[in-house]
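Let me begin by presenting the structure, written as structure tokens, before commenting on it.
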2 protein chains.
Amino acid sequence: MAAYTATALKAELNEKGWRLTPQRETILTVFQNLPKGTHLSAEDLYERLQQEDSPISLSTIYRTVKLMTQMGILRELELAEGHKHYELNQPHPHHHHHLICIKCSRTIEFKNDSALKIGAKVAQKEGYHLLDCQLSIHAICPQCQRSLIP
Amino acid sequence: MAAYTATALKAELNEKGWRLTPQRETILTVFQNLPKGTHLSAEDLYERLQQEDSPISLSTIYRTVKLMTQMGILRELELAEGHKHYELNQPHPHHHHHLICIKCSRTIEFKNDSALKIGAKVAQKEGYHLLDCQLSIHAICPQCQRSLIP
DNA sequence: TTGTGTGCAAAAACTTTGCAAATAA
DNA sequence: TTATTTGCAAAGTTTTTGCACACAA
């Protein structure tokens with residue numbers, strides 16, 4: 001299941017002088033066990049851990065998701081107004097993009113290899129080290145097109 | 001210069017029962033006169049209008065950029081931590097994407113027709129009404145790769 | 001004339017930070 | 001041992017909202 005083990009996480013952290021803590025391991029595990037298509041906000045993650053009786057403070061959650069995003073382990077998604085969502089940053093065959101309704105936030109995931117290739121090419125050309133590549137389509141879903149509510 | 005006139009804006013607003021106000025017209029003009037590659041946060045726009053002696057309240061600015069984004073006139077960019085940036089949502093030959101350094105926010109714009117085409121195709125297939133399509137590449141720029149600061 | 005839009009101030013929502021205690025290496 | 005990490009509480013930032021007045025249609 002785990003594409004990325006605690007051992008690998010530890011190695012990568014240590015390489016930069018950071019440490020593997022139970023909190024970091026727990027958070028990684030939560031994301032690895034999430035059903036496909038699920039993404040969590042910091043608050044979601046906080047509540048989920050409380051319910052699972054492995055509470056982690058909100059500060060630590062914010063610090064950890066930021067760290068993991070910068071390591072390329074998580075990706076930060078802008079799916080709805082007001083807060084960010086996170087999901088595992090998966091490699092090629094699982095990598096995907098999002099079509100998002102700006103009215104109701106209904107989101108559809110889709111895969112597209114060329115978008116990913118374009119991203120890799122542009123990053124390489126400019127000498128940037130690629131972390132994540134997202135094709136985000138902002139649109140209005142069929143239901144909201146019909147709705148009269150602004 | 002203006003790809004989109006005040007008259008066109010008024011027509012589009014009125015169609016939905018909204019009104020063309022001086023504030024809305026001013027904000028559209030600011031974006032139309034922005035040099036290529038410039039994007040403004042709500043606060044940037046607020047300060048700029050103050051300096052130009054056409055002050056508009058922050059609330060109105062937030063309300064207006066949101067409205068114009070939902071109309072497809074502006075696009076909302078997630079270029080740096082903490083706040084959104086806005087720019088004109090321009091059609092085909094001017095449409096572009098962003099390569100963003102997650103450490104220092106250094107941003108490079110690039111054009112890519114296929115990314116735009118993919119976006120249009122996916123939206124159509126799902127029956128969504130397309131507003132904006134952004135290929136966002138999150139990466140670390142050459143300078144920040146060399147830097148030792150975490 | 002009438003319902004929409006604005007500005008103000010206050011509140012809300014989300015995220016970050018300082019610090020002392022805990023802990024991974 | 002010692003520098004990193006955590007949790008807590010407080011603060012910071014960005015954005016939204018309620019309301020009375022102004023104003024576009």
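Letters A, B, ... mirror the listed sequences (proteins, then strands); counts begin at 1.
Under 4.0 Å is where a charged nitrogen must lie from a carboxylate oxygen, and between A:Glu87 and A:Arg75 at least one such pair does.
Think of the region where chain A sits on DNA chain D: with heavy atoms and a 4.0 Å cut, that region ends 5' and 3' at D:dA3 to D:dT16.
Between A:Gln32 and A:Tyr4, the side chains place no donor N or O within less than 3.5 Å of an acceptor N or O (distance only, hydrogens not considered).
Between the A:Thr38 side chain and the A:Leu34 main chain, no donor and acceptor come within less than 3.5 Å of each other.
Taking 4.5 Å as the limit, every side-chain heavy atom of A:Ile137 sits out of range of all side-chain heavy atoms of B:Asp132.
Counting non-hydrogen atoms under 4.0 angstrom, A:Lys10 reaches the backbone sugars and phosphates but no base. Within 4.0 Å of A:Lys66, counting heavy atoms only, lie sugar-phosphate atoms of the nucleic acid but no base atom.
Distance NE2 (B:His83) to P (C:dT15): 14 Å, rounded to an integer number of Å. Rounded to whole Å, the distance from CG on A:Leu9 to P on C:dA25 is 10 Å. Between B:Arg19 atom CZ and C:dT2 atom P the separation is 12 Å, expressed in whole Å. Distance A:His85 NE2 to C:dA13 P: 15 Å, rounded to the nearest Å.
Within a heavy-atom distance below 4.0 Å of DNA chain D, the residues of residues 20-30 of chain A found are A:Thr21, A:Gln23, A:Arg24. For DNA chain D, the residues of residues 46-59 of chain B within the heavy-atom distance limit of 4.0 Å (strictly under) are B:Ser59, sorted by number.
The two atoms that bring B:Leu20 and B:Leu13 nearest to each other are CA-CD1, 3.8 Å, heavy atoms only. What you find for A:Arg48 and A:Val30 is that their closest heavy atoms are CD-CG1, 3.8 Å.
Each of B:Leu77 and B:Leu74 belongs to its own hydrophobic cluster when Ile, Leu, Val, Met, Phe, Trp and Tyr are linked at side-chain heavy-atom distances under 4.5 angstrom. B:Tyr62 and B:Met68 fall within the same hydrophobic cluster, where Ile, Leu, Val, Met, Phe, Trp and Tyr residues are linked whenever their side-chain heavy atoms come under 4.5 Å apart, directly or through other members.
Using cut-offs of 30° and 60° on the angle between ring planes, the pair A:His97 and A:Phe110 is tilted.
Each of A:Ser41 and A:Arg63 lies near DNA chain C, and the nucleotide nearest A:Ser41 is the one positioned closer to the 5' end.
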Quiz item: Under the ring pair (Phe, Tyr, Trp, His ring centres under 6.0 Å) criterion, do A:His92 and A:His94 qualify, and how do the steps go?
Solution: CA-CA 5 Å; A:His92 171 58; A:His94 302 293; 8.9 Å; no
Self-check item: Criterion side-chain hydrogen bond (donor to acceptor under 3.5 Å, both in side chains) on A:Ser57 and A:Thr60, from CA distance to verdict
Solution: CA-CA 5 Å; A:Ser57 77; A:Thr60 298; 3.1 Å; yes
